[in-house]
*Asks:* 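Here's a structure for you.
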Amino acid sequence: MKNIQSIKGTKDTLPSEIHKWQFLEDTFRRVSTKYGYTELRTPIFEDSALFHRGIGEGTDIVNKEMYTFIDKGGDSVTLRPEQTAALIRSVVQNNLLQLGTTSKFWYFGPYFRYERPQKGRLRQFHQYGAECIASPFPESDVEVILLANSIIREIGIEDYKLNINSLGSENSRNNYRDALKSYLIENQDGLSEDSKRRLDINPLRILDSKDEKDKLIIANAPNIIDYLDEESKNHFDTVINLLSQLNVNFTIEPKLVRGLDYYNHTVFEFQSNALGSQDSFGGGGRYNGLIEQLGGKPNPAVGFAFGVERLIIILDSLNKLSELESKPDFYISSTSEKYLDKVYFVSEVLRKRNFNVQNDLVRKSVKGQMREANKLGAKYAVIIGDDEIAKGTIILKNMTESTQVELAFDDIEKHQF
RNA sequence: GCGUCCAUAGUUCAGCCGGUAGAGCAUCAGAUUGUGGCUCUGAAAGUCACGGGUUCGAAUCCCGUUGGACGCCCCA
């Protein structure tokens with residue numbers, strides 16, 4: 001008989017790991033708030049058409065990675081593979097955009113992509129991200145990058161790289177794609193099989209290829225920066241000038257393209273060498289056309305997302321987050337189950353005074369209870385036995401100093417520990 | 001979707017050329033009977049991932065399935 005186990009590519013977050021998640025989630029909320037972003041949560045699943053329209057038919061996410069089901073009503077629904085499209089859907093549907101100002105949101109949650117698991121890649125994974133909607137100006141690109149950077153620093157990651165590039169307006173992006181494509185077609189004999197296939201589907205992606213043969217050809221490929229039109233160039237220049245003035249470290253990486261169809265103008269990516277093959281732990285960019293594409297009024301926007309599992313891999317490699325053990329303040333023990341009422345009375349009194357209190361639930365001997373108190377790291381053990389009951393007292397044992405005193409039962413409510 | 005390696009007690013692993021399982025740590029219990037940490041003694045714990053095959057006999061060989069690790073594709 002087959003044992004039931006968790007679905008391939010999914011993971012339990014165990015008590016020994018949970019402190020990392022709680023720390024990250026706290027940081028996400030705190031730092032996002034400092035930048036004036038508010039949290040928005042959308043359902044885990046959506047109309048499949050949302051992602052087809054929003055992410056793009058040419059992407060692998062839509063083509064082979066979506067968890068899509070037909071529900072009992074015959075509708076096609078999909079577990080969200082990313083947040084941006086769904087967030088925009090919500091913003092449009094709920095009329096959250098105010099005329100003449102930006103709307104800024106952050107999110108955190110699980111996402112789903114049907115892929116072969118490997119380092120830093122799961123079928124259910126988590127992202128934190130932020131979206132700044134309704135400013136076409138480069139300073140909003142910068143703000144979003146500052147927010148991302150600030151989160152990275154606050155969680156304690158210092159060794160990483162920020163790569164940045166511009167795809168330009170739709171127009172200049174198309175011009176560049178044509179130029180690149182004809183260059184690659186001229187040289188296609190030297191390209192890898194994968195890249196030959198990519199020529200038609202998404203030639204920009206060839207720039208990212210890890211294949212050595214491809215790299216040789218790519219080295220002499222046309223540079224996207226040369227194809228930016230005037231406005232795109234100004235936008236990009238302002239972004240990088242501002243970042244420089246603010247002492248943000250970055251590298252202009254003309255070969256950086258992002259996989260999602262909706263990006264234009266600024267794109268960026270955060271890299272760490274703690275990650276193995278999937279070395280990017282976050283990425284984002286501007287998507288000026290998406291909102292209109294999803295049925296809203298035309299509105300520019302820029303955003304980014306982090307892969308939270310990847311952040312945790314980096315933090316683990318730094319050994320930064322040791323477990324914050326929640327040790328009990330008290331362990332209340334007794335010599336007999338006759339005194340259970342006293343044990344729980346004392347426990348509840350102490351809990352009302354805001355102490356963490358634990359008890360023996362398997363009726364161990366006093367020695368066993370003391371062992372457990374020690375193992376749990378309790379500061380104090382309380383012992384209630386025949387003698388104490390007779391005298392109306394308890395024994396208060398200080399576990400770190402190995403000293404003990406006798407306390408009147410009534411003192412528990414007011415004794416200064 | 002493709003490739004390589006892997007799957008034995010709670011855990012980390014040993015078990016080489018086939019003869020029905022072992023260690024460290026962890027757990028639990030004792031060490032002149034109401035008290036922890038050290039030490040000592042003992043105990044419990046595995047249908048050797050699942051299914052099939054070869055064999056007198058398989059954890060050990062073969063096939064399949066499931067899952068894991070890493071890589072390709074792609075992405076966070």
Side-chain angles (χ1 to χ4, degrees), chain A residues 1-11 14 16 55 58-66 81-84 108-129 148 192-195 197-198 201-202 205-206 208-211 257-260 263 268-272 275-284 303-314 331 333-336 339 360 362 364-389 395-404:
Chain A
M1 218 208 323
K2 200 178 108 182
N3 286 326
I4 296 176
Q5 44 192 348
S6 59
I7 300 290
K8 182 190 187 112
T10 67
K11 247 184 163 163
L14 302 176
S16 56
I55 300 172
T59 62
D60 273 19
I61 293 181
V62 170
N63 281 329
K64 56 175 208 186
E65 295 172 5
M66 294 214 301
E82 57 109 47
Q83 182 65 75
T84 303
F108 166 79
Y111 299 88
F112 306 85
R113 264 122 91 157
Y114 189 86
E115 301 186 89
R116 282 287 289 270
Q118 65 188 73
K119 193 181 180 82
R121 174 193 288 165
L122 295 168
R123 288 187 173 180
Q124 174 172 340
F125 61 103
H126 295 76
Q127 292 192 339
Y128 157 85
S192 67
E193 288 307 309
D194 274 328
S195 288
R197 187 177 49 81
R198 284 186 284 216
I201 307 164
N202 196 344
R205 295 236 43 106
I206 298 177
D208 247 4
S209 177
K210 290 170 188 165
D211 187 282
V257 294
R258 308 241 78 234
L260 279 44
Y263 285 119
F268 55 93
E269 163 177 280
F270 296 95
Q271 272 185 333
S272 160
L275 288 173
S277 172
Q278 318 303 321
D279 62 354
S280 146
F281 62 92
F304 72 91
F306 287 134
V308 179
E309 281 81 1
R310 293 186 185 178
L311 292 176
I312 288 177
I313 290 173
I314 299 171
Y331 188 96
S333 68
S334 68
T335 58
S336 161
Y339 307 134
D360 165 48
V362 290
K364 291 185 190 187
S365 65
V366 174
K367 182 194 203 126
Q369 293 177 75
M370 295 309 287
R371 276 185 178 159
E372 189 168 7
N374 181 60
K375 199 177 60 192
L376 293 169
K379 292 191 198 73
Y380 295 99
V382 167
I383 302 166
I384 301 173
D386 295 332
D387 297 348
E388 290 72 37
I389 293 292
I395 288 174
L396 177 71
K397 175 161 182 169
N398 184 319
M399 295 296 283
T400 48
E401 291 168 19
S402 286
T403 54
Q404 62 183 52

*Asks:* May I ask you to say what E193(A) touches in the nucleic acid, namely base, sugar-phosphate or nothing, with a heavy-atom cut-off under 4.0 Å?
*Replies:*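 Since no nucleic acid heavy atom lies under 4.0 Å of E193(A), the category is nothing.
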
*Asks:* To the nearest 0.5 Å, what is the distance between OG on S333(A) and CD1 on I384(A)?
*Replies:*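 If we round to the nearest 0.5 Å, S333(A):OG and I384(A):CD1 are 7.5 Å apart.
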
*Asks:* Atom pairs under 3.5 Å, N or O on each side, protein against nucleotides 8-12 of chain B: can you list them with distances?
*Replies:*
none

*Asks:* Suppose we screen for side chain to side chain donor-acceptor pair (under 3.5 Å). Which residues come up paired with D386(A), at least two apart in sequence or across chains?
*Replies:*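 Checked D386(A) against side chain to side chain donor-acceptor pair (under 3.5 Å); matches are Y339(A).
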
*Asks:* Among the nucleotides G36(B), C74(B), G34(B), which one has an atom lying closest to any side-chain atom of K210(A)?
*Replies:*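 Nearest nucleotide to the side chain: C74(B).
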
*Asks:* Counting heavy atoms from C-beta on, name the nucleotide in G34(B), G36(B), G68(B) closest to the side chain of P117(A).
*Replies:*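 Nearest to the side chain of P117(A) among the choices is G68(B).
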
*Asks:* If you pin G120(A) and D194(A) to their nearest nucleotides in RNA chain B, which one's is more 5'?
*Replies:*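 Going by which nucleotide is closer to the 5' end, it is D194(A).
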
*Asks:* Go through the structure and list residues passing side chain to side chain donor-acceptor pair (under 3.5 Å) with Q271(A), not counting sequence neighbours.
*Replies:*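 With sequence neighbours excluded, Q271(A) shows a side chain to side chain donor-acceptor pair (under 3.5 Å) to N163(A), D279(A), given in chain and number order.
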
*Asks:* Dot-bracket notation for RNA chain B is requested: 5' to 3', Watson-Crick or G-U wobble pairs only, both distances under 3.5 Å, with ( ), [ ], | and . as defined.
*Replies:* (((((((..((((........)))).(((((.......))))).....(((((.......))))))))))))....

*Asks:* I need the CD1-C1' distance between I7(A) and G68(B), as an integer number of Å.
*Replies:*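 Nearest whole value for this atom pair: 15 Å.
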
*Asks:* Between E269(A) and G368(A), which has a closest nucleotide on RNA chain B that is more 5'?
*Replies:*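 Nearest-nucleotide comparison on RNA chain B picks G368(A).
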
*Asks:* In whole angstrom, what separates D208(A)'s CG from A76(B)'s C1'?
*Replies:*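 Taking atom C1' of A76(B) as the reference, CG of D208(A) is at 14 Å.
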
*Asks:* What contact category does K367(A) fall into here, base, sugar-phosphate, or nothing, at under 4.0 angstrom with non-hydrogen atoms?
*Replies:*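 The answer is base, as K367(A) lies within the cut-off (heavy atoms under 4.0 Å) of a base atom.
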
*Asks:* Measure from the side chain of R310(A), starting at C-beta and using heavy atoms only, and say which of C72(B), A76(B), A29(B) lies closest.
*Replies:*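 So the nucleotide nearest the side chain must be A76(B).
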
*Asks:* Could you list the residues that satisfy side-chain contact (heavy atoms from CB on, under 4.5 Å) with K379(A), not counting sequence neighbours?
*Replies:*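 K379(A) satisfies side-chain contact (heavy atoms from CB on, under 4.5 Å) with D329(A) once adjacent residues are dropped.
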
*Asks:* Among C72(B), G67(B), G30(B), which nucleotide has an atom closest to any side-chain atom of R121(A)?
*Replies:*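 Looking only at side-chain atoms, R121(A) lies closest to C72(B).
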
*Asks:* Is the base of A76(B) stacked against the aromatic ring of F281(A), taking ring centres under 5.5 Å apart and planes under 30° as the test?
*Replies:*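 Stacking between F281(A) and A76(B): absent.
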
*Asks:* Is the side chain of Y111(A) donor-acceptor paired with the backbone N or O of G307(A) at a distance under 3.5 Å, no angle test?
*Replies:*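 No.
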
*Asks:* Near RNA chain B, counting only heavy atoms under 4.0 Å, which residues of residues 372-380 of chain A show up?
*Replies:*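 Hits under 4.0 Å, by residue number: N374(A), K375(A).
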
*Asks:* Please report, rounded to the nearest Å, how far the C1' atom of G36(B) is from the CD atom of Q369(A).
*Replies:*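 Computing the Q369(A):CD to G36(B):C1' distance gives 11 Å.
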
*Asks:* Over all strands shown, is G276(A) touching base, sugar-phosphate only, or nothing at heavy-atom distances under 4.0 angstrom?
*Replies:*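 It contacts sugar-phosphate atoms only.
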
*Asks:* Under the side chain to side chain donor-acceptor pair (under 3.5 Å) test, which residues partner E401(A), sequence neighbours left out?
*Replies:*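 Checked E401(A) against side chain to side chain donor-acceptor pair (under 3.5 Å); zero matches.
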
*Asks:* State whether the distance check finds a donor on one side and an acceptor on the other, under 3.5 Å, for side chain Q278(A) versus base C74(B).
*Replies:*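 Counting by modelled atom types and ignoring angles, a donor-acceptor contact under 3.5 Å is found here.
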
*Asks:* With no angle test and no hydrogens, is the base of A76(B) tied to the side chain of E115(A) by a donor-acceptor pair under 3.5 Å?
*Replies:*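 In this structure, the two groups form a donor-acceptor pair.
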
*Asks:* Any N or O donor-acceptor pair under 3.5 Å from the base of G68(B) to the side chain of Q118(A)?
*Replies:*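 Answer is no: no donor-acceptor pair is held.
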
*Asks:* State which residues pass side chain to side chain donor-acceptor pair (under 3.5 Å) with Q127(A); sequence neighbours excluded, sorted by chain then number.
*Replies:*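 Residues passing side chain to side chain donor-acceptor pair (under 3.5 Å) with Q127(A): none at all.
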
*Asks:* How close do S280(A) and R310(A) get, heavy atom to heavy atom, and via which atoms?
*Replies:*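 The answer is O-NH1, 2.8 Å.
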
*Asks:* Does any donor-acceptor pair link the side chain of Q404(A) with the base of U35(B) at a separation under 3.5 Å?
*Replies:*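 Yes, a donor-acceptor pair under 3.5 Å.
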
*Asks:* Give one of base, sugar-phosphate or nothing for K397(A), where a contact means two heavy atoms less than 4.0 Å apart.
*Replies:*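 Base contact - K397(A) has a heavy atom under 4.0 Å of at least one base atom.
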
*Asks:* Please say whether more than 12 non-hydrogen atoms of neighbouring residues, nucleotides or ligands are located less than 6.0 Å from CD1 in I7(A).
*Replies:*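 No, because the 6.0 Å sphere around CD1 of I7(A) holds 12 heavy atoms or fewer from other groups.
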
*Asks:* Rounded to whole Å, please give me the gap between CG in L122(A) and P in G67(B).
*Replies:*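 Interatomic distance, CG of L122(A) to P of G67(B): 14 Å.
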
*Asks:* In whole angstrom, give the distance that lies between atom CG of D279(A) and atom P of C74(B).
*Replies:*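 Answer to the nearest Å: 14 Å.
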
*Asks:* Can you find an N or O donor on one side and an acceptor on the other, under 3.5 Å apart, linking the side chain of K64(A) with the base of C73(B)?
*Replies:*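 Counting by modelled atom types and ignoring angles, a donor-acceptor contact under 3.5 Å is found here.
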
*Asks:* Check whether the side chain of S402(A) and the base of G37(B) form a donor-acceptor pair under 3.5 Å.
*Replies:*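 Indeed there is one.
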
*Asks:* List the residues meeting side-chain contact (heavy atoms from CB on, under 4.5 Å) with E115(A), not counting sequence neighbours, and say none if there are none.
*Replies:*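 Result, side-chain contact (heavy atoms from CB on, under 4.5 Å) vs E115(A): E65(A), R113(A), R121(A).
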
*Asks:* Does any pair with a residue in residues 365-377 of chain A pass salt bridge (charged side-chain N to carboxylate O under 4.0 Å, His left out), and if so which ones, sequence neighbours excluded?
*Replies:*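 Residue pairs with at least one partner in residues 365-377 of chain A: K364(A)-E372(A).
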
*Asks:* Between the protein and nucleotides 3-5 of chain B, list every N/O to N/O distance that falls short of 3.5 Å.
*Replies:*
| from | atom 1 | to | atom 2 | distance (Å) |
| --- | --- | --- | --- | --- |
| G3(B) | O6 | R116(A) | NH2 | 2.8 |

*Asks:* Between C70(B) and C63(B), how far apart are the two C1' atoms, rounded to whole Å?
*Replies:*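 After rounding to an integer number of Å, I get 25 Å for this pair.
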
*Asks:* If we ignore hydrogens and angles and just use 3.5 Å, is the side chain of S195(A) paired with the main-chain N or O of R198(A) as donor and acceptor?
*Replies:*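 Such a contact is absent between S195(A) side chain and R198(A) backbone.
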
*Asks:* Please enumerate all residues that pass side-chain contact (heavy atoms from CB on, under 4.5 Å) together with L122(A), with sequence neighbours excluded.
*Replies:*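 Once residues adjacent in sequence are excluded, the partners of L122(A) under the side-chain contact (heavy atoms from CB on, under 4.5 Å) criterion are K11(A), F125(A), E309(A).
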
*Asks:* Whole-Å distance between C74(B) P and M66(A) CE?
*Replies:*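 Taking CE of M66(A) and P of C74(B), I get 18 Å after rounding.
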
*Asks:* Under the side chain to side chain contact (heavy atoms under 4.5 Å, CB included) rule, what do M370(A) and V366(A) come out as? Steps first, then yes or no, please.
*Replies:* CA-CA 6 Å; M370(A) 295 309 287; V366(A) 174; 4.2 Å; yes

*Asks:* Base, sugar-phosphate, or nothing: which does L311(A) touch, judged by heavy atoms less than 4.0 Å apart?
*Replies:*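 Nothing, no heavy atom under 4.0 Å.
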
*Asks:* Once you measure the plane-to-plane angle for F306(A) and Y128(A), does it fall in the parallel (<30°), tilted (30-60°) or perpendicular (>60°) bin?
*Replies:*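 Parallel: the ring planes of F306(A) and Y128(A) meet at under 30°.
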
*Asks:* Just checking P81(A): base, sugar-phosphate only, or nothing, at a heavy-atom cut-off of under 4.0 Å?
*Replies:*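 Answer is nothing: P81(A) stays at 4.0 Å or more from every strand.
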
*Asks:* By the 4.0 Å heavy-atom rule, please label S280(A) as base, sugar-phosphate, or nothing.
*Replies:*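 Sugar-phosphate contact only.
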
*Asks:* Can you give me the closest heavy-atom contact between K119(A) and L275(A), atom names plus distance?
*Replies:*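 Answer, listing the atom of K119(A) first, then L275(A): CD-O, 3.4 Å.
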
*Asks:* Grab the CD-P distance between Q271(A) and A76(B) for me, whole Å please.
*Replies:*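 Those two atoms, CD and P, are 13 Å apart.
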
*Asks:* Figure out the NZ/C1' separation between K8(A) and A69(B), and round it to whole Å.
*Replies:*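 One finds 12 Å between C1' of A69(B) and NZ of K8(A), rounded.
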
